[in-house]
Amino acid sequence: MSAAALDPIRLGLIWQRLNGIVDQVSETFIRAAFSTVVRENYDMAFSLLDVQGRQFVQSKRSIPSFIGTLPRTLAAVLEKIPAESLHPGDVIITNDAWIGTGHLNDISMICPIFHDDRLVAFAGSTAHTVDIGGAPSPTAQDCYEEGLCIPICKIVERGVENQLVIDFLTENLRAPAETLGDIRAQFAAFHDCRHKLGAVLREEGLADLEDIVAEIIARSAKSMRAVIAGLPDGRYSDEFQVDGFETPLTIRCTVTIAGEAIDVDFAGTSAQIARPINSVLNYTQAYSCFALKCLLDPEAPNNSGSFETITVRAPEGSLLNAARPAPVWGRHLSGHYAPPAIFGALSAVLPERVIAESGSPLWNVYFKGVQETDGSGFVKMFFMNGGHGARPGGDGPGCLSFPSNVSNQPIEMFENQAPLLVTEKCFVPDSAGEGRFRGGDAQRISFRSLASAPVTMTIRHERITYPPRGLLGGQNGAPGRDLVNGEPIPAKSRTLLETGDVATFQTPGGGGLSPPEGRAREAVLRDLDRGLLTAEKARRVYGDVGG
């Protein structure tokens, strides 16, 4: 079928079927998964890529960074294992940080899909695993300390699992059953995807997807080019400091608009450091492209076409383009700053579209210890979202992740897996950055150790010294806090919790947008009534609002 012969209505129906396939098979993966990180937090992705390696559809639950890095993972896979050496039933695996999502805890897999003995597409998936062996630490000096690196290899060949790869994983992980359960859940999703995609091709009378994909990608590319062409040419910059370790670090971003093209350059950003907060270029590019997609053309289908005229650069050896063997376990602690840097730079030309800074980089905490019931070891992670930045036309939601989109997990589910009791989970008054539109509220959450043996708690948090910024005259959100038994602890540290110890985390609040003088009186009174704003702060920021 040629592109000229594609009826728009039929193209739309096929496009919706392809979207339905990836959403359905990602649910197969999620429901079959063993870990709560996949089942509850949706820290995963599933997408389809064409034979040229262009991504053309992804599941709605997918993490932006995983979606952004899968095409680069596929390119590296095909460089080592050419397409002509692939067979039906093959699955390729890797977690190499510089090939995949930027750290070892994300396992990416590629499955070639054949129809009538012809390669027609690739299914790609990525899932976070809490444990990947080693001893990942906030003070790691290189990537070798951070766990097992899986080189590009076939974990399944012609439908048969590669026992050697399975053995390597089993012998290097603390909880191999959980990780292997997630991996095999992806095998099930690949199997489901092959059958569903084959059904679409047969029912639509298609030998392959080439013309369909070419048209879909061309339309997204045309849409993005038109949006960029409507922006004023020029160079726009932003620079700010972030917490870092012993000393603050600098994020600098220059966005150049020229015709239908955009160049994002992070020259001037601090050099990489011997601590695990460095981002590889794959990850930086993924979140930069995601930010531009959200800002410029969010309605067009998301695929490789949207990014044809976007380039993202960072000096090699910098915080946002770390060179091997830099430690990268907490790469989100720098990579998550790419979107606010881009928004800050473009706020001068797109003030009606940008959002203020959110309470990211994403906060999480790792607990490692021994189960009271059977003496087995556990390694569990809990995600905590800060306040979302204020939006043009609306306040920022409380406790909503951005730029990542991981979900919260039920407290009861977490407590059932580890000897820890959540004693508090609440919004924090006065934590949002005020403005015409206020930022999202922070949350406070406390964990009490019920274990008879010490529990190792590892954290890697940002926005303690430098809180989320307000934009265009909005105020900053509140900084985060980390406490054990009421006493502050370093935001990037490992602590032993004894029986009865209480760890408390207060995430950062979102920044405000535009000066507070423009906020509606009714909105201020509503915040007061809900207990999210105290009378003292209201008087200080807004004056006498009465009521």
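In what follows, every heavy atom counts, from backbone to side chain, and hydrogens, waters and symmetry copies are set aside.
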Fill in: Donor + acceptor pair across side chains of T458, R494 (<3.5 Å)
yes

Worksheet item: So, does R72 use its side chain to make a donor-acceptor pair with the main chain of G68 at under 3.5 Å?
Response: yes

Worksheet item: Is R324 salt-bridged to D96, going by a charged N under 4.0 Å from an acidic O?
Response: yes

Practice prompt. Answer yes if the side chains of Y283 and H336 hold a donor-acceptor pair under 3.5 Å, and no otherwise.
Written response: yes

Fill in: S446 side chain to E424 side chain, donor-acceptor N/O pair below 3.5 angstrom
yes

Item to complete: Can you establish whether the number of heavy atoms outside R481 located under 6.0 Å from its atom CZ is more than 12?
Response: no

Worksheet item: What are the two closest non-hydrogen atoms of F290 and P403, and how far apart are they?
Response: CE2-O, 3.4 Å

Worksheet entry | Exercise: do E412 and N416 side chains pair donor with acceptor under 3.5 Å | no

Discussion item. Side chains of R39 and Q409 only: does a donor on one sit below 3.5 Å from an acceptor on the other?
Written reply: no

Worksheet entry | Ring centres under 6.0 angstrom apart (F414, F447) | yes

Discussion item. Are the side chains of F240 and I251 in contact, using a 4.5 Å heavy-atom criterion?
Written reply: yes

Item to complete: Would you name the heavy atoms of D131 and A175 that are closest together and state the gap between them?
Response: OD2-N, 3.7 Å

Practice prompt. May I ask you to say whether E415 pairs ionically with R448, meaning some side-chain N is under 4.0 Å from a carboxylate O?
Written response: no

Worksheet item: Under 3.5 Å, is there a donor-acceptor pair linking the side chains of S108 and T73?
Response: no

Worksheet item: W363 vs H461 aromatic rings, parallel, tilted or perpendicular, using cut-offs 30° and 60°?
Response: parallel

Practice prompt. Step through the shown structure and confirm whether more than 12 heavy atoms of other residues, nucleotides or ligands are within 6.0 Å of CZ on F168.
Written response: no

Discussion item. Are the side chains of P327 and C143 in contact, using a 4.5 Å heavy-atom criterion?
Written reply: no

Practice prompt. Go through the side-chain N and O atoms of S237 and T254 and say whether any donor and acceptor fall under 3.5 Å apart.
Written response: yes

Worksheet, complete the sentence: Tested for side chain to side chain contact (heavy atoms under 4.5 Å, CB included) against W98, the lone hit among V328, N282, L281 is V328

Worksheet entry | Contact check, side chains of Y42 and V37, non-hydrogen atoms, under 4.5 Å | no

Item to complete: Please determine if R469 and D238 form a salt bridge, counting it only when a charged side-chain N lies under 4.0 Å from a carboxylate O.
Response: yes

Worksheet item: Do L249 and L319 touch side chain to side chain, with heavy atoms closer than 4.5 Å?
Response: yes

Practice prompt. Check whether the side chains of T311 and D263 place a donor and an acceptor atom closer than 3.5 Å, and report yes or no.
Written response: yes

Item to complete: Indicate whether the side chain of D182 and that of S35 have a donor and an acceptor atom separated by less than 3.5 Å.
Response: yes

Discussion item. Determine whether Q186 and S125 satisfy the following criterion, side chain to side chain donor-acceptor pair (under 3.5 Å), listing intermediate values before the conclusion.
Written reply: CA-CA 7 Å; Q186 291 174 79; S125 68; 2.5 Å; yes

Discussion item. Any donor-acceptor pair under 3.5 Å linking the side-chain atoms of T139 with those of S137?
Written reply: yes

Discussion item. Can you see whether F245 has K492 sitting over its ring - NZ or CZ less than 6.0 Å from the centre and within 45° of the normal?
Written reply: yes

Practice prompt. Determine the sole option in P468, P467, P339, P508 for which the side chain to side chain contact (heavy atoms under 4.5 Å, CB included) test with E357 is passed.
Written response: P468

Worksheet item: With a cut-off of 6.0 Å (strictly less than), are more than 12 heavy atoms of other residues, nucleotides or ligands near CD of E79?
Response: no

Worksheet item: Is the closest side-chain heavy-atom distance between I411 and F382 below 4.5 Å?
Response: yes

Response to the item:
side chain to side chain contact (heavy atoms under 4.5 Å, CB included) with W329: of I132, L104, N278, N105, only one passes, and it is N105

Discussion item. Would you say Q55 and S47 are linked by a side-chain donor-acceptor pair, where the criterion is simply a distance under 3.5 Å?
Written reply: yes

Item to complete: Scan D106, L180, T179 and name whichever one has a side chain to side chain contact (heavy atoms under 4.5 Å, CB included) with T129.
Response: T179

Discussion item. Test side chain to side chain donor-acceptor pair (under 3.5 Å) on T284 and S279; report intermediate values, then the result.
Written reply: CA-CA 6 Å; T284 300; S279 174; 2.9 Å; yes

Discussion item. When you compare the side chains of N41 and S407, does any donor N or O come within less than 3.5 Å of an acceptor on the partner?
Written reply: no

